[in-house]
Protein chains: 2
Amino acid sequence: MVTSIEPVTAASARFQCETCELRSHSICSALQDEELREMNQVVRQVSLDAGQIVFFETDPADFSFNITSGVVRLSKMLADGRRQVTGFLYPSDFLGLAVGKDYTQTAEAITPVRMCRFDRKDLTRMYEKFPKLEHRLLEVACNEIVSAQDQMLLLGRKTARERLSSFLLNLLSRSNLGERLIGEIDLPMDRADIADYLGLTVETVSRTFTKLRKDGLIEMPSKNRIVIRDADDLADAAENPD
Amino acid sequence: MVTSIEPVTAASARFQCETCELRSHSICSALQDEELREMNQVVRQVSLDAGQIVFFETDPADFSFNITSGVVRLSKMLADGRRQVTGFLYPSDFLGLAVGKDYTQTAEAITPVRMCRFDRKDLTRMYEKFPKLEHRLLEVACNEIVSAQDQMLLLGRKTARERLSSFLLNLLSRSNLGERLIGEIDLPMDRADIADYLGLTVETVSRTFTKLRKDGLIEMPSKNRIVIRDADDLADAAENPD
DNA sequence: CTAGGGCTTTGATGCAGGTCAAGGCGAAAC
DNA sequence: GTTTCGCCTTGACCTGCATCAAAGCCCTAG
């Protein structure tokens with residue numbers, strides 16, 4: 001559950017959005033200064049500690065969020081405890097596209113997280129006023145569909161080695177938004193999260209990390225730190241069984 | 001490739017949309033009579049034979065479609081031929097949400113198919129004129145995201161038996177749009193399509209059909225015809241390993 | 001500095017589903 | 001009717017990943 005909800009005064013909030021460095025990446029990029037100011041009227045800053053739930057998969061879907069810092073894990077569970085992680089959200093990612101009455105997955109902070117929270121009713125009013133916003137959101141939704149399809153291919157047809165390689169490459173491109181790809185990435189999630197994201201077990205994930213390391217494709221300065229020696233080689237590994 | 005593209009005269013087209021029985025299910029439900037008439041100016045009816053490609057996964061994404069009859073299979077391939085079927089589209093389904101320059105998957109008719117084809121440029125103009133249309137499309141996109149997540153859970157964590165049971169239940173609910181669930185469904189796709197959709201092999205799909213039949217969960221009057229004896233029992237099978 | 005606990009890795013073994021190989025079966029062609 | 005051909009099913013065997021079990025490795029608390 002949400003720990004701290006700090007209402008933002010009109011003045012400070014306005015200031016914040018205008019100077020927000022994520023503005024060009026997030027859905028806010030659809031809005032002009034003037035329009036953004038209006039968004040500010042309905043946004044609240046929210047902070048979560050690592051491990052806290054943003055929402056649970058049957059909660060009424062009252063809010064949407066824009067991650068401003070930290071990482072959020074999305075997942076679905078079966079009654080017997082089997083879990084599928086459906087995604088990891090980073091700063092500038094939008095959370096809560098759901099169209100129905102309730103959320104269909106659980107969102108949990110895996111690091112300390114800050115985000116902008118919107119009441120979905122307010123957001124609906126914003127859509128009507130600024131169709132550009134809805135257009136942008138459709139764009140976001142389409143991108144999500146495309147990655148979901150990639151993930152289906154991964155889960156349905158790829159080997160453990162291909163899965164982990166694909167995953168690392170994804171993280172690499174996301175962690176360097178717009179910049180050139182430097183070869184080092186940080187893993188804020190633990191092995192169980194990775195396993196549940198890739199449809200594997202922790203043991204297989206661990207063994208596969210070891211193999212990639214022994215094959216010289218990656219280095220592991222620490223458990224949560226991966227250096228990619230050659231992104232092209234890893235891209236091969238991501239699409240060739242073995 | 002598209003075989004027959006029949007331009008529709010303004011008069012006949014107008015008539016068609018107004019009396020289209022799928023109107024309330026498709027994206028057209030967002031539009032009033034007057035607005036729909038305008039959509040008609042930019043739509044073309046397209047017919048395909050079974051087996052024909054609608055578009056290929058690297059083609060420029062110039063068109064979007066509304067299926068009016070038949071079934072379309074969506075899929076992605078790896079270089080070595082492994083294939084993941086990402087979905088089956090039925091009448092009233094929208095095809096071509098892609099946001100990028102190119103399609104990211106292949107669409108192929110698996111039965112004779114008819115659809116309404118839109119030039120994406122025209123569609124963009126329509127969005128601007130009728131924001132309701134874009135709103136509706138966002139709704140469609142969100143639904144697609146939700147099913148994609150269900151499919152990830154299926155591919156990542158379910159057993160063969162659970163996968164096939166889930167699949168049959170999905171078909172059951174889709175093939176009876178809005179009506180009560182009668183227990184019989186038609187399988188327009190072959191075993192290879194099902195296998196590639198569920199992340200299995202044809203052999204496993206076949207064996208699993210046999211098991212479900214022997215367990216009394218389904219009957220198979222013919223290869224492409226399935227009778228669901230008890231939807232609740234099948235729903236159990238869809239979420240319990242074994 | 002040492003002990004404890006939670007992650008991660010590694011090893012040994014098992015099994016669900018893949019692979020390989022025959023048959024079956026129904027529809028279309030002749 | 002009978003041949004053929006493409007799909008589907010079944011059987012025998014194999015394997016990649018899961019499962020079960022036991023160390024290792026931090027990190028934190030005392």
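Letters go in sequence order (proteins before strands), and every chain restarts at 1. Quantities reported herein were computed from a predicted structural model and do not represent experimental measurements.
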Could you tell me whether a side-chain N or O of [X] sits under 3.5 Å from a main-chain N or O of [Y], the two making a donor and an acceptor?
X	Y	answer
B:R83	B:K76	no
B:Q105	B:E57	no
A:Q84	A:D196	yes

Among [options], find the nucleotide with the atom closest to the side chain of [X].
X	options	answer
B:K223	D:dC8, C:dT8, D:dC17	D:dC8
A:T201	D:dT9, D:dT19, D:dC17	D:dT19
A:D190	C:dC7, D:dC17, D:dC8	C:dC7

Does A:E203 make a side-chain donor-acceptor contact with the base of D:dC17, cut-off 3.5 Å?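 Donor-acceptor pair under 3.5 Å: no.
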Has the side chain of A:R207 got a donor or acceptor atom sitting under 3.5 Å from an opposite partner on the base of C:dG11?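 Donor-acceptor pair under 3.5 Å: yes.
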Fit a plane to each ring of B:Y103 and B:F55, take the angle between them on a 0 to 90° scale, and name the class: parallel (under 30°), tilted (30 to 60°) or perpendicular (over 60°).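 Parallel: the ring planes of B:Y103 and B:F55 meet at under 30°.
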Report which part of the nucleic acid A:T210 touches: base, sugar-phosphate, or nothing (heavy-atom distance under 4.0 Å, all strands).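 Sugar-phosphate contact only - A:T210 comes under 4.0 Å of backbone atoms but never of a base.
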Value in whole Å for how far the P atom of C:dT9 lies from CG of A:N224: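 It works out to 9 Å between those atoms.
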A:R157 vs A:F209, nearer the 5' end of DNA chain C by closest nucleotide: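 The residue whose closest nucleotide sits nearer the 5' end is A:F209.
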